[in-house]
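Inspection log for the structure reproduced underneath, given as structure tokens.
Keep in mind that this is a model prediction, so the values were computed, not measured. First listed ligand is number 1; within each ligand, the first listed atom is number 1.
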Amino acid sequence: MLQINQIIDIVAGSLVCHSENTIIEYLLLDSRKISIPSSSLFFAIQGVHHDGHRFIGELYHKGIRNFILEKVPQDLNLFQNCNIILVDNAVCALQQIVEFHRNAFALPVLGITGSNGKTIVKEWLTQLLSKDYNVVRSPKSYNSQIGVPLSVWEINDQHQFGIFEAGISRPGEMERLEPIIKPKLGIFTNIGPAHDEGFASREEKIKEKLLLFKHSKVIFSCADHKEIATLIKSELPDVKNITWSFKRSGDLVIKDVALEGNMIRIHAVYNKLFLNLALPFSDEASLENLMHCILVLLYLDVKPDEIQSRLNALQKVEMRLELKEGINGCYVIDDTYNNDLAGLTIALNFLDQQKQKEEKTVILSDLLETGRDESHLYAAIGDLLLSKGVKKLIGVGPTITRNADLIKVKSIFYPDTASFLSDMKTADFNEEIVLVKGARIFRFEEIVKKLQQKVHGTVFEVNLDSLSSNLNFYRSRLGHGTKIMVMVKAFAYGSGSYEVANLLQFHRVDYLAVAYADEGVALREHGVSLPVMVMNPSLSTFDKLFQYNLEPEIYSFKILKEYLEFIKANDIASKIHLKLDTGMRRLGFEEKDLKDLVGLLKSMTNIRVASVFTHLAGADEGVHDEFTQSQIEKFKIFTEHLKNELGYSFLRHALNSAGIIRFPDAQMDMVRLGIGLYGIEAGGLLQDQVQAVGTLKTIISQIKEIKKGETVGYGRKGIAERDLRIGTIAIGYADGYDRRFSNGKGKVLIQDKLCPVIGNVCMDMCMIDITETNAREGDEVVVFGKKPSLRDLSQAIGTIPYEILTSVGQRVKRVFYSE
Ligand SMILES: *Cc1c(COP(=O)(O)O)cnc(C)c1O
């Protein structure tokens, strides 16, 4: 918390408007995430494709009165009773403010950097230290130039220990984060290839990361990472390096590691102290992460028995926020991430982003945030729920119940989860979106189970963060001012249309396109208000188009005449989109149609051409480049004539995903993004810059031992050439697992091993050879995702990723998640 007058001094900006001296509690960088406007300060940040200044009018309207801007608003007189501070760089101003805030607190702070494991180490260490200290830490993976200040801003005078992570992608960045975090202690987790492209060498990257610790007392690290150890010594000679090692060269030496079921047992020595510890995880990454934590605990004098007892209570770090279809037309957001105010804010923003249902309900347990005065905390929650438009709260736990009168939305309270469950009637939940957010000890998974539709063994998981990242990638390729239409036809390429469309709306794309009117209607009924183009309109659906404000694509005289009739008969106005055929030979008007087309369009003044477009037949392949160029030329000539004849201009667009990458000069006014959003770079040049969005998963239903010579499945096509272990998995061609994957063409991933299909794929299941694994019944199987990729699979059966993606059956439940 700081007063705006202090902030004016700290950032040394010029004051464009000055009003009363308010107290700032919230730093707002994203105009879509307002919680309490009166005590928020908005920073207008500018990037290549983003400019926070665009939203200040809207923010003023919503009650924001404190702004840090880089440009004076044009309509300055509209901003009354405001504080507007003008600075050169809003991100720097944010950093200066939080550095000042940080300096007001003397608590010990531990900083974490390194390539992998930062977030897990931070979360685990928080759990492990929470008995001794009231710990404040970065929410999720907030570790960037912006994430770090937002995290450190959370410190208040109740906190006794801080743990913050810092990530960098280019030189110069750590220099700015160090004074904000000011760590006395540090962990350097490890070094890997992430962000190598931003640095001249690995050494340069390590040196930059080490700048975080230039004023620290102690750095904890693994001595076996030689490069890190050497550079700590040479770069930070005055900082004590305390290490752990498998190779007898550290302060904490691991003598022996053994796998015991789901645990790892280690024997180790630390300063002549013998340790025998069971770590509650069995993978290598967890071992490394936990060793850093254990080293810190030892340094802080936590005794071995106590360390073991805290390790026993350690919880897996779940940062996923899942969106699922629920009972009675509900949606359920299941958030298991830690229950503090920062976590609740993130979850409520996610709730706000998904507009499928108007009614919003929150089921919330006591917040396990000890760093604040209770009534202050629950008053803040009350305000937050109100500002996010929550209609109903179900509070579970003694503390939230005690503070019932601070909650201003309709609410009901229960002392514990069991009493809510016994009172809970599923019929009470109808056509609403329900956020379920409970601290782990409240065991809300029972509630989620009752609210969600049964999910069978096979699920299609859609990573909404990857989707956002892909959208940003394609946006980064666009010229300033080029609009973007996103194709959400075919159930958003199999990924789930409402959820994806709501996310796209949140990211402010310009247009959506669907194949049929019904798809457009469904979007409208699930909270989508963006302009929507319908590619295959028909006489029987014109009513719906009008009723739901959907804009038809017109590709032939027949459909144009029918539509004109409809417009005339109902005396209405409409926007349309004209499709030209410049070489695809599928749908669309042709060069020779220009004159008649103009004639018809001019005869009807209440029809307006919103856009004209064409589709490229071979934008993804170099061999067709000449043809593609000729399509683009034809299109430009046609649209030029059309514009002159009509006497007004319209949006012109030609590029699909591959075209955006390969023909950047032909962006014109808008592009149409399809498959790229879903993680396939169609031209194949920049595949490593997009992320897999969907993961199709199933489970092993049964395992059998097969003798050499036996056969497997229909037609006895799978022949055991040797003794085998086979698993029957719960997916078949009716779920979209193509029958062409039979007999070894398809491979699925189990425990990092690719296992081939044996025999023919059946309707609802198929068999795989799992001899090389120690898989058990019920284990998870990845059909496609990061590995095997859609591209690998489509090549194996001679098709394209589009087909496999859009074939995933409707009966396969979609689960959406964000981290
Ligand atoms: C599907 C479609 C696109 C998107 O194509 P991608 O190859 O998936 O990017 C663009 N324009 C039209 C007309 C389409 O039908």
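Residue Lys579 has no nitrogen or oxygen atom sitting less than 3.5 Å from a nitrogen or oxygen atom of ligand 1, judged on distance alone. Taking distance alone, with nitrogen or oxygen atoms compared against 3.5 Å, Ile675 approaches ligand 1 more closely than that limit.
In terms of protein heavy-atom proximity, atom 8 (O) of ligand 1 is closest to Tyr493 OH, 2.6 Å. Residue, atom and distance of the protein heavy atom nearest to atom 7 (O) of ligand 1 are Tyr802 OH, 2.6 Å. For atom 11 (N) of ligand 1, the nearest protein heavy atom (residue, atom name, distance) is Arg672 NE, 2.8 Å. The nearest heavy-atom contact from the protein to atom 14 (C) of ligand 1 is Lys489 NZ, 2.9 Å.
A cation-pi contact links Arg508 to Phe55, judged by a cut-off of 6.0 Å to the six-membered ring centre and 45° from its axis. The cationic group of Arg320 lies under 6.0 Å from the six-membered ring centre of Tyr817 and within 45° of the ring axis, placing it in a cation-pi geometry. Taking the ring axis of Tyr648 as reference, the NZ or CZ atom of Arg608 stays within 45° of it and closer than 6.0 Å to the ring centre.
Heavy-atom contacts of Met535 reach the following atoms of ligand 1: 13 (C), 15 (O) (cutoff under 4.0 Å).
Here Asp581 does not pair with Lys634 in a salt bridge; the nearest charged N to carboxylate O distance is not below 4.0 Å.
Between Phe542 and Tyr563, the ring centre distance stays below 6.0 Å.
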